[in-house]
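In listed order, ligands and their atoms are each counted from 1. One-based numbering along the sequence shown.
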Amino acid sequence: MSLTVQKHRERIGLPDGSLLVDGERRQARSGRTWTHRHPATQEEIGTFPVAGAEDVDDAVRAARRAFDEGEWPGLPVGRRARLLHRYAESLREHAEELRGLQALDNGVPLSFGTVYAGSVDVAADVFDHHAGWIDKAGGETLPPYQGGDHLAMTLREPIGVVAAILPWNAPFLLFAQKVAPALAAGCTVVLKPSEHATFSVLRMVELLVEAGLPGGALNVVTGTGETTGEALITHPAVDKVSFTGSREVGRRIVEASAPTFKRVSLELGGKSPALVFPDADAGMAGMTAMGMVTLGLSGQACVAHTRALVHRDVYDEFLGAAELIAASVTYGDPFDPGVLSSPLINERQLERVLDLVGRAERDGARLVTGGVRADGELAAGNFVTPAIFADVDNGMEIARQEVFGPVLSVVPFTDEDEAVRLANDTEYGLGAGVFTADAARAFRVARKLRAGTVGINGFQVEPHLPFGGYKQSGLGREGGRSAYEAYTELKSVLLPLTDELM
Ligand code: NAD
């Protein structure tokens, strides 16, 4: 029998999606829609509008009005903070429902929702965190540089209308990483979820409206990148684009920002290394790296340690542990608590991953396990068995391209300098892991790595730590005070306190 998620869809009673413009739900003016198919079964899950340029224009104008004339930017900070804290609580209360919607969206199993990085809790914590900055991250009053009797001060003001564009792989966290600091800073938002994970995001928006957010402060345009996304990033009334997704679309956003010099923040892809030294617990390192590459998201995680650089002395031990994890991954009905990982998001991604696996074999990398399409009751879904490539040369395509699938490349090294050189020999710079029992080595190596986040003997998402990329992994940071500030402009104000000219 083949797999089905239809019974879950019926139990949840998923309504079709709609746009949210100026507090009103509606369909696209053109009547165009997109039907979402489940990645584990190809069954039709639901339909939502594809917003065209005219709908995007309506949404941006609504956000513009809400910013220029509406109540949100000027709302007393205490009320703004209370609303966002209230929303964080509401998210926690609806966690189970949201996890179910995500399972219908991108096929991520319910079991992954108990891991902090994939949970609704982390999204709620991000809202609490940014709500906490509202009454703290203000400007400064500075002493006049040349003396005199005047005030020199800075004001921190909201940047304006923010276009927030999401990928499909982590809708809870990434919705929060953008919407929380933007609203906290007093901006208004036009949000575009990914066409591959729309329903869970629409419910998160609905809960925010129920929490009391005024109409127009958050507008939603659903649809595809080429139609809806393109209209949003080229709209002249958008002040800032905040994007998480692929490098290619990131480049297009930078290009499209030029005519009006939109502010841009980009969270892009990675090819993050795990450096495993001879004094490390190599078994734990192998399980951690392979776990990040397979469990939950099937390697469709920007920061996964997909490139393991392993000292020759512990190479076999590392590989053995990684193989154990590969063998323990289970696929199937995402609502089954025993299912630990997900399908690839669509057929295009499935073909891409299988193609990269084939090319790596032709390049001479040794396929230890996996790398084939799953069969039996999984045959209709986009499932690829967890793959490990050993004896990879860092120059090979499999060590350089972001695969976004359950594929770990293992590269041997002989000394610390070589490990650091290999780690930094990449166009990306999102994350890295250092596995060692030597604290001095851990810090020495962490400082040399050109990556936005370095985990030492493990990795955790922290809602209050900046997260982002060096090099082609992005521009700017999400999380923490710097993320909140990235939704503000800084204004300098000079005020003479006497009649003397300054
Ligand atoms: P994607 O770039 O294909 O799509 C992301 C979003 O951009 C979607 O909403 C899509 O509709 C939209 N889009 C596509 N073309 C557009 C255009 N021309 N104009 C405006 N919007 C457009 O990425 P994806 O497949 O959804 O996600 C996978 C990528 O995201 C990977 O590269 C992954 O590494 C990256 N990612 C990065 C982070 C991070 O925090 N750094 C987190 C998650 C995912």
Side-chain angles (χ1 to χ4, degrees), residues 34 36 39 48 50-51 53 56 105-106 108 117-118 122 126 163-178 190-198 201 220-235 238 241-257 262 264-272 292-293 296-306 344-350 352-353 382 401-405 426-431 451-453 461 463 465-479 483:
W34 169 282
H36 171 58
F48 50 82
V50 175
V56 169
D105 268 337
N106 58 10
V108 171
V122 72
V126 168
I165 303 179
L166 304 182
W168 51 268
N169 63 338
F172 305 149
L173 174 62
L174 299 175
F175 172 89
Q177 291 281 52
K178 294 184 170 9
V190 180
L191 174 77
K192 191 195 103 51
S194 165
E195 55 273 45
H196 303 295
T198 292
V201 173
V220 183
V221 287
T222 54
T224 61
E226 59 187 8
T227 300
T228 314
E230 202 43 50
L232 191 53
I233 63 173
T234 50
H235 199 294
V238 167
V241 179
S242 176
F243 171 77
T244 300
S246 62
R247 233 178 7 171
E248 294 64 36
V249 178
R251 278 198 195 100
R252 170 68 197 125
I253 287 171
V254 171
E255 215 173 70
S257 69
K262 290 180 182 35
V264 170
S265 62
L266 303 174
E267 293 290 335
L268 308 176
K271 192 76 195 177
S272 301
M292 281 176 97
V293 172
L297 297 170
S298 262
Q300 300 168 106
C302 56
V303 80
H305 295 159
T306 53
L344 301 180
I345 193 64
N346 52 38
E347 286 175 351
R348 196 175 60 123
Q349 185 58 14
L350 172 76
R352 187 172 168 276
V353 171
N382 310 320
Q401 287 265 348
E402 183 184 47
V403 177
F404 233 52
T426 169
E427 291 171 343
Y428 291 105
L430 193 57
T453 302
V461 166
L465 262 191
F467 179 85
Y470 281 43
K471 300 195 268 185
Q472 294 184 32
S473 285
L475 271 184
R477 294 291 179 269
E478 297 197 318

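A distance-only check finds no donor-acceptor pair linking the side chain of Lys178 to the backbone of Leu166 [under 3.5 Å]. Using modelled atom types, one side-chain atom of Lys271 and one backbone atom of Gln401 make a donor-acceptor pair closer than 3.5 Å. A side-chain donor-acceptor contact under 3.5 Å links Ser473 to the backbone of Gly269. Looking only at distances, no side-chain donor or acceptor of Ser242 sits under 3.5 Å from a matching main-chain atom of Ala164. Distance alone, capped at 3.5 Å, places no donor-acceptor pair between the Gln472 side chain and the Arg247 backbone.
With a heavy-atom cut-off of 4.0 Å, Glu402 touches ligand 1 through its side chain alone. By the criterion of a heavy-atom distance under 4.0 Å, neither the backbone nor the side chain of Glu478 is placed next to ligand 1. Proximity of Ile253 to ligand 1, defined as any heavy-atom pair under 4.0 Å, is not found for any part of the residue. Counting heavy atoms closer than 4.0 Å to ligand 1, residue Leu232 contributes nothing at all.
Looking at Gly225 next to ligand 1, an N or O pair under 3.5 Å apart turns up. The shortest N or O to N or O distance between Lys192 and ligand 1 is under 3.5 Å. At a 3.5 angstrom cut-off on N or O pairs, Glu230 counts as close to ligand 1. Considering both main-chain and side-chain atoms, Ile233 never comes within under 3.5 Å of ligand 1 through any nitrogen or oxygen pair. Residue Thr244 has no nitrogen or oxygen atom sitting less than 3.5 Å from a nitrogen or oxygen atom of ligand 1, judged on distance alone. For ligand 1, the polar-atom distance check against Asn169 finds no nitrogen or oxygen pair separated by under 3.5 Å. Considering backbone and side-chain atoms together, Phe243 places no N or O closer than 3.5 Å to any N or O of ligand 1.
Below 30°, between 30° and 60°, or above 60°: for Trp34 and Phe48 the angle between ring planes is below 30°, a parallel geometry.
Within the structure, ligand 1 lacks Val303 among the residues with a heavy atom less than 4.0 angstrom away. The closest approach between Ala256 and ligand 1 stays at or above 4.0 Å for every heavy atom of the residue.
In terms of protein heavy atoms, atom 11 (O) of ligand 1 is closest to Glu195 OE1, 2.7 Å. Looking only at heavy atoms of the protein, atom 35 (C) of ligand 1 is closest to Gly245 O, 3.2 Å. For atom 41 (N) of ligand 1, the closest heavy atom belonging to the protein is Leu268 O, 2.8 Å. Among all protein heavy atoms, the one lying closest to atom 21 (N) of ligand 1 is Gly229 CA, 3.5 Å. Looking only at protein heavy atoms, the nearest one to atom 27 (O) of ligand 1 is Pro167 CB, 3.5 Å. Of all protein heavy atoms, the one lying nearest to atom 24 (P) of ligand 1 is Trp168 NE1, 3.5 Å. The protein heavy atom nearest to atom 9 (O) of ligand 1 is Leu166 O, 2.7 Å. Looking only at heavy atoms of the protein, atom 2 (O) of ligand 1 is closest to Ser246 OG, 2.6 Å.
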Report the C-alpha separation of Ile345 and Asn106 in whole Å, then their side-chain angles, then the decisive distance to 0.1 Å, and conclude whether the side chain to side chain contact (heavy atoms under 4.5 Å, CB included) test is met.
-> CA-CA 6 Å; Ile345 193 64; Asn106 58 10; 3.7 Å; yes
Val238 and Val190: CA distance, side-chain angles, deciding distance, side chain to side chain contact (heavy atoms under 4.5 Å, CB included) verdict = CA-CA 9 Å; Val238 167; Val190 180; 5.9 Å; no
Side chain to side chain contact (heavy atoms under 4.5 Å, CB included) between Phe243 and Ile233, intermediate numbers included | CA-CA 10 Å; Phe243 171 77; Ile233 63 173; over 6 Å; no
Steps toward side chain to side chain contact (heavy atoms under 4.5 Å, CB included) verdict (Gln349, Asn382) | CA-CA 8 Å; Gln349 185 58 14; Asn382 310 320; over 6 Å; no
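Here the straight-line distance linking atom OG of Ser298 with atom CG of Asn169 works out to 12.0 Å at 0.5 Å rounding.
For CD of Glu226, the number of neighbouring non-hydrogen atoms (other residues, nucleotides, ligands) closer than 6.0 Å is 12 at most.
For atom 4 (O) of ligand 1, the nearest protein heavy atom lies 4.0 Å or farther away.
Looking at residues two or more places apart in sequence or on another chain, you find no ring pair (Phe, Tyr, Trp, His ring centres under 6.0 Å) involving His235.
Short contacts between ligand 1 and Leu430, defined as distances under 4.0 Å to a heavy atom of the residue, involve ligand atoms 41 (N). Heavy-atom contacts of Phe467 reach the following atoms of ligand 1: 40 (O) (cutoff under 4.0 Å). Of all the atoms in ligand 1, the ones that sit under 4.0 Å from a non-hydrogen atom of Phe404 are 28 (C), 31 (C), 33 (C), 34 (O).
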